[in-house]
Asker: 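Before I ask anything, let me first share the structure, which is written out below as structure tokens.
Everything numeric here is computed off the predicted structure, so don't read it as measured data. Numbers for residues simply follow the sequence, beginning at 1.
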Amino acid sequence: MDEAAECGCPDAFQWDVREGCEVRQILDRIADKWSLLVIALLERRTMRFNELRREIDGISQRMLTVTLRHLERDGLVGRTVHPEVPPRVEYRLTALGCTLLEIIQSLVHWTELHQHQIAHAREKFDERTAREGRSA
């Protein structure tokens with residue numbers, strides 16, 4: 001019996017075998033590091049594009065644009081254009097985005113609780129693979 005079956009988890013790949021599966025597409029989007037950072041930043045307040053760009057180290061203008069468009073398309077982020085010259089555009093989490101934020105916070109909490117166990121497991125793995133002459 002495999003580990004997933006032992007812990008009572010459903011087959012994680014049941015949705016992966018279907019062509020064009022929306023679940024896989026959505027998971028790919030929300031699990032992306034840029035999406036997670038945008039959602040986390042928008043937790044606190046509405047932000048403008050350049051504010052987001054300054055806060056997210058390493059993101060390019062193009063990648064931020066693509067990420068925001070995808071999150072807006074998925075209904076997780078709302079975009080408001082104010083009729084000014086030049087136009088002022090602001091981004092905020094939608095109600096749906098806020099529900100995802102709760103899940104992300106749970107994942108971060110789990111990571112914080114288990115980071116030492118994971119670090120220890122990595123050290124053991126690296127030591128074992130170094131003895132065996134393999135790379136990780």
Asker: Run the salt-bridge test on Asp28 and Arg24 with the 4.0 Å N-O cut-off and return the result as yes or no.
Answerer: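 Result for this pair is yes, salt bridge flagged.
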Asker: Show, in sequence, the C-alpha distance, side-chain angles and deciding distance for Val66 and Trp34, and conclude whether the side chain to side chain contact (heavy atoms under 4.5 Å, CB included) test is met.
Answerer: CA-CA 10 Å; Val66 168; Trp34 301 126; over 6 Å; no
Asker: Among Leu71, Leu93, Leu76, which residue meets the side chain to side chain contact (heavy atoms under 4.5 Å, CB included) test with Leu42?
Answerer: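 For Leu42, the side chain to side chain contact (heavy atoms under 4.5 Å, CB included) check succeeds only for Leu93.
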Asker: With sequence neighbours excluded, give me every ring pair (Phe, Tyr, Trp, His ring centres under 6.0 Å) pair touching residues 85-115.
Answerer: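 Sorted pair list: Trp110-His114.
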Asker: Given Thr99 and Leu96, is the side chain to side chain contact (heavy atoms under 4.5 Å, CB included) satisfied, shown in steps?
Answerer: CA-CA 5 Å; Thr99 64; Leu96 181 60; 3.8 Å; yes
Asker: Is the closest side-chain heavy-atom distance between Leu37 and Thr67 below 4.5 Å?
Answerer: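 In short, these two side chains do not touch, never coming nearer than 4.5 Å.
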Asker: Side-chain heavy atoms under 4.5 angstrom apart, residues restricted to Ile, Leu, Val, Met, Phe, Trp, Tyr: same cluster for Leu64 and Val89?
Answerer: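 Leu64 clusters together with Val89.
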Asker: The criterion is side chain to side chain contact (heavy atoms under 4.5 Å, CB included); which residues satisfy it with Thr46, sequence neighbours excluded?
Answerer: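 Side chain to side chain contact (heavy atoms under 4.5 Å, CB included) list for Thr46, sorted by chain: Glu90, Arg92.
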Asker: If I take atom NZ from residue Lys33 and atom CE from residue Met63, how far apart are they, to the nearest 0.5 angstrom?
Answerer: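 Here the rounded value is 9.0 Å.
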Asker: Distance check, rounded to the nearest 0.5 Å: His82 atom NE2 versus Arg48 atom CZ?
Answerer: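 Nearest 0.5 Å value for the NE2-CZ distance: 8.5 Å.
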Asker: Who are the salt bridge (charged side-chain N to carboxylate O under 4.0 Å, His left out) partners of Glu127, not counting sequence neighbours?
Answerer: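 Applying salt bridge (charged side-chain N to carboxylate O under 4.0 Å, His left out) to Glu127 gives none.
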Asker: Is there a side chain to side chain contact (heavy atoms under 4.5 Å, CB included) between Val38 and Leu68 once you walk through the steps?
Answerer: CA-CA 8 Å; Val38 167; Leu68 286 167; 3.9 Å; yes
Asker: Between Thr129 and Arg131, is the side chain to side chain contact (heavy atoms under 4.5 Å, CB included) condition met? List the steps.
Answerer: CA-CA 5 Å; Thr129 56; Arg131 282 194 311 271; over 6 Å; no
Asker: At their closest point, which heavy atom of Val81 faces which heavy atom of Pro87, and how far apart are they?
Answerer: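 Closest heavy-atom pair between Val81 and Pro87: CG1-CB, 4.1 Å.
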Asker: Could you list the residues that satisfy side chain to side chain contact (heavy atoms under 4.5 Å, CB included) with Glu102, not counting sequence neighbours?
Answerer: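 With neighbours one apart ignored, the set is empty.
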Asker: By side-chain hydrogen bond (donor to acceptor under 3.5 Å, both in side chains), which residues pair with Gln115, not counting sequence neighbours?
Answerer: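 side-chain hydrogen bond (donor to acceptor under 3.5 Å, both in side chains) check on Gln115 returns nothing, list empty.
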Asker: Does one hydrophobic cluster hold both Ile118 and Val108, with members joined at side-chain heavy-atom distances below 4.5 Å?
Answerer: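 In one cluster: no.
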Asker: For the residue pair Leu100 and Ile30, establish whether any side-chain heavy-atom pair is separated by less than 4.5 Å.
Answerer: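 Leu100 vs Ile30: side chains touch.
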Asker: Cluster partners of Leu113, using ILVMFWY side-chain heavy atoms under 4.5 angstrom, listed by chain and number?
Answerer: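 Its cluster partners, ordered by chain and number, are none at all.
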Asker: Residues in side chain to side chain contact (heavy atoms under 4.5 Å, CB included) with Ser106, at least two apart?
Answerer: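 Scan of Ser106 (side chain to side chain contact (heavy atoms under 4.5 Å, CB included), adjacent residues dropped) gives none.
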Asker: Taking side chain as C-beta onward, heavy atoms only, is Leu41 less than 4.5 Å from Ile56?
Answerer: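 The answer is yes; the side chains approach within 4.5 Å.
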Asker: Does any pair with a residue in residues 65-79 pass salt bridge (charged side-chain N to carboxylate O under 4.0 Å, His left out), and if so which ones, sequence neighbours excluded?
Answerer: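 Counting only pairs at least two positions apart or across chains, the salt bridge (charged side-chain N to carboxylate O under 4.0 Å, His left out) contacts touching residues 65-79 are Arg29-Asp74.
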Asker: How would you list, by chain and number, every residue that makes a side chain to side chain contact (heavy atoms under 4.5 Å, CB included) with Glu43, sequence neighbours excluded?
Answerer: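 Result, side chain to side chain contact (heavy atoms under 4.5 Å, CB included) vs Glu43: Leu101, Gln105.
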Asker: Would you please name every residue forming a salt bridge (charged side-chain N to carboxylate O under 4.0 Å, His left out) with Arg45, sequence neighbours left out?
Answerer: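 Only Glu51 meet the salt bridge (charged side-chain N to carboxylate O under 4.0 Å, His left out) criterion with Arg45.
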Asker: Holding to salt bridge (charged side-chain N to carboxylate O under 4.0 Å, His left out), I want the full list of residues that pass it with Glu55, two or more places apart in sequence or in another chain.
Answerer: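 If we apply the salt bridge (charged side-chain N to carboxylate O under 4.0 Å, His left out) test to Glu55, skipping adjacent residues, there are no hits.
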Asker: Taking only residues two or more places apart in sequence, or in another chain, which ones meet Asp32 in a salt bridge (charged side-chain N to carboxylate O under 4.0 Å, His left out)?
Answerer: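 By the salt bridge (charged side-chain N to carboxylate O under 4.0 Å, His left out) rule, Asp32 matches no residue at all.
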Asker: Let me confirm one number: the CG-CG distance from Leu36 to Leu107, rounded to the nearest 0.5 Å.
Answerer: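 Nearest 0.5 Å value for the CG-CG distance: 7.5 Å.
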